[in-house]
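Below is one structure; the comments refer to it alone.
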2 protein chains.
Amino acid sequence: MTMGLSSSGEQRRSQLLRGVLDLCLLSLIAERPRYGFEFTQALAAGGLELISDGSVYPLLARMERAGLISSYRAPSASGGAPRKYYRLTEDGRAELTRGRDEWHAFAGQVGRILDDFASTGDDTP
Amino acid sequence: MTMGLSSSGEQRRSQLLRGVLDLCLLSLIAERPRYGFEFTQALAAGGLELISDGSVYPLLARMERAGLISSYRAPSASGGAPRKYYRLTEDGRAELTRGRDEWHAFAGQVGRILDDFASTGDDTP
DNA sequence: GCCACTACCTTGCGGTGCAAGGTAGTGGCT
DNA sequence: AGCCACTACCTTGCACCGCAAGGTAGTGGC
């Protein structure tokens, strides 16, 4: 049976990620070319402990198919399978800029809704 | 022409909503009891032009089933079918508080990732 | 009696995060 | 040479949910 409904907090986290995960990856790639394993580490370092690589790799594949990023192979620096590095295309950079604006607008609107209404009933002095 | 994938902006909006829609509804209900039609209007007024009632009603039903809100019927003030008003339970209020904190933390982390990395490479020709 | 309006709810679809598992390349150790 | 551990990439099946479209129900005007 399913047991997924118990923790609404963790569940919300998954849902929140949906809207911004691609943007975060684009942003990380914008700094410098990166490979799959790096993303989960970098996101966790930024406070977003989240994603199994099972979420990252399909998303990278989707974005490459959409022309937002391109990839090249390079040997691993620490002994192992060769890495697949991704870098931004111009479309990807444009999408990042647009997406960042969208995010800021969205975050502002949500914050306002949560702040304006949530504390109206002040029955907990 | 590549039609299907072009609306990544609109699509992202849908995905962004997933994480916060329940919280927004809770916040709106926290101010005062509301009924279904009000939510889309209130959210649109807050800048989130988004949701057909097809998204709101199932979510309200889910939250009621989860014990976060409770409902009662009242006759419509403007002639029509009776309205179903929702109000917060104590669990709902706690969930709203917790969710608001989660949202602020999450928004901060995402904003930091987008700001810290996105503008590093300025090699636009 | 019929129509228009308000309001609520359901159905099928598409997209996607996630856990788990599978594939492939490298080098150390015996 | 062979084996094992590690790095790294990718795929599969599942469950969730916003959305568009359509259906149901109650009220009052004509």
Side-chain angles (χ1 to χ4, degrees), chain A residues 1-8 10-25 33-41 43 48-66 71-86 106, chain B residues 3-25 33-41 43-44 48-66 71-86 106:
Chain A
M1 301 297 287
T2 57
M3 42 198 162
L5 297 177
S6 51
S7 56
S8 57
E10 298 175 11
Q11 179 139 4
R12 189 181 351 267
R13 196 135 190 113
S14 295
Q15 308 299 337
L16 285 170
L17 279 175
R18 250 179 221 247
V20 294
L21 183 51
D22 56 343
L23 238 45
C24 289
L25 295 188
R34 301 201 188 232
Y35 64 100
F37 261 42
E38 277 193 276
F39 292 110
T40 50
Q41 297 170 1
L43 291 173
L48 297 177
E49 304 174 19
L50 32 78
I51 314 164
S52 64
D53 49 350
S55 299
V56 172
Y57 287 112
L59 178 53
L60 289 170
R62 256 177 268 143
M63 292 198 295
E64 185 172 19
R65 219 174 297 129
S71 63
Y72 62 95
R73 297 252 177 196
S76 170
S78 56
R83 296 169 177 170
K84 191 171 180 181
Y85 283 89
Y86 293 92
F106 178 82
Chain B
M3 301 280 297
L5 299 175
S6 57
S7 59
S8 55
E10 300 175 11
Q11 179 138 9
R12 191 185 344 270
R13 195 135 190 112
S14 295
Q15 308 299 339
L16 285 169
L17 280 175
R18 273 171 106 115
V20 294
L21 184 52
D22 56 343
L23 238 45
C24 289
L25 296 187
R34 299 201 189 232
Y35 64 100
F37 262 41
E38 276 193 276
F39 292 110
T40 50
Q41 297 169 2
L43 290 173
L48 297 176
E49 305 174 17
L50 31 79
I51 314 162
S52 63
D53 50 348
S55 299
V56 171
Y57 287 112
L59 178 54
L60 289 170
R62 257 176 269 143
M63 292 198 296
E64 185 172 20
R65 219 174 296 129
S71 62
Y72 62 95
R73 297 254 177 194
S76 170
S78 56
R83 297 168 176 169
K84 191 172 181 181
Y85 283 88
Y86 292 92
F106 178 81

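Naming: A, B, ... by sequence-line order, numbering from 1 per chain. Just the heavy atoms: all of them, side chains too, but no hydrogens, waters or symmetry mates, feed the values below. All values reported here derive from a predicted model rather than from experimental measurement.
The closest side-chain heavy-atom distance from A/Leu48 to A/Val20 is not below 4.5 Å. Considering only heavy atoms from C-beta on, A/Val56 stays 4.5 Å or farther from A/Leu43 through its side chain. The shortest distance between side-chain heavy atoms of A/Arg62 and A/Asp22 does not fall below 4.5 Å. In this structure the side chain of B/Pro33 reaches within 4.5 angstrom of the side chain of B/Tyr72, judged on heavy atoms. Between B/Leu16 and A/Arg18 there is no side-chain heavy-atom pair separated by less than 4.5 Å. Contact annotation: the side chain of A/Phe39 never approaches that of A/Asp53 to less than 4.5 Å [non-hydrogen atoms, C-beta and beyond]. Taking the side chain as every heavy atom from C-beta outward, A/Arg12 and B/Leu23 approach each other to under 4.5 Å.
The side chain to side chain donor-acceptor pair (under 3.5 Å) contacts involving residues 73-86 of chain A comprise A/Tyr35-A/Arg83, A/Ser78-A/Arg83, A/Arg83-A/Tyr85, where partners must be two or more places apart or lie in separate chains.
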Fill in the blank from the handout: Contact string for nucleotides 17-30 of chain C, one letter per nucleotide 5' to 3', B = base within protein heavy-atom range under 4.0 Å, S = sugar-phosphate only, - = neither, reads SBBB---BBS----

Handout entry: Strand DNA chain D in bracket notation, Watson-Crick/G-U under 3.5 Å with | for pairs to another chain
Key = ||||||||||||||||||||||||||||||

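Residue B/Ser78 places at least one side-chain N or O closer than 4.0 Å to OP1 or OP2 of C/dA7. At the phosphate of C/dA7, OP1 or OP2 sits under 4.0 Å from a side-chain N or O atom of B/Tyr35. For the OP1/OP2 pair of D/dA8 and a distance below 4.0 Å, the side-chain nitrogens and oxygens of A/Ser76 include at least one atom meeting the criterion. The shortest distance between the side-chain N/O atoms of B/Gln11 and the OP1/OP2 oxygens of C/dG14 is not below 4.0 Å.
D/dC19 atom C1' lies 15 Å from atom CG of B/Leu43, rounded to whole Å. Going from atom CG of B/Leu16 over to atom C1' of D/dC19 covers 15 Å, rounded to whole Å. Look at CG on A/Leu23: it is 14 Å from P on C/dT16, rounded to the nearest Å. Rounded to an integer number of Å, the gap from B/Leu60 CG to D/dC17 P is 13 Å. Following rounding to the nearest Å, B/Arg73 (CZ) and C/dA7 (C1') show an atom-to-atom distance of 9 Å. For B/Gln41 and C/dT6, the CD to C1' distance is 11 Å, given to the nearest whole Å. Taking atom CZ of A/Arg12 as the reference point, atom C1' of D/dC16 lies 15 Å away to the nearest angstrom.
Of all nucleotides listed (C/dA7, C/dG15, D/dC9), C/dA7 comes nearest to the side chain of B/Arg83. Ranking C/dC9, C/dT6, D/dC10 by closeness to the A/Lys84 side chain, first place goes to D/dC10.
Heavy atoms only, all atoms of each residue included: A/Gly36 and A/Leu60 are closest at CA-CD1, 4.4 Å.
Backbone-only contact: B/Tyr86 has heavy atoms under 4.0 Å from sugar-phosphate atoms and none from a base.
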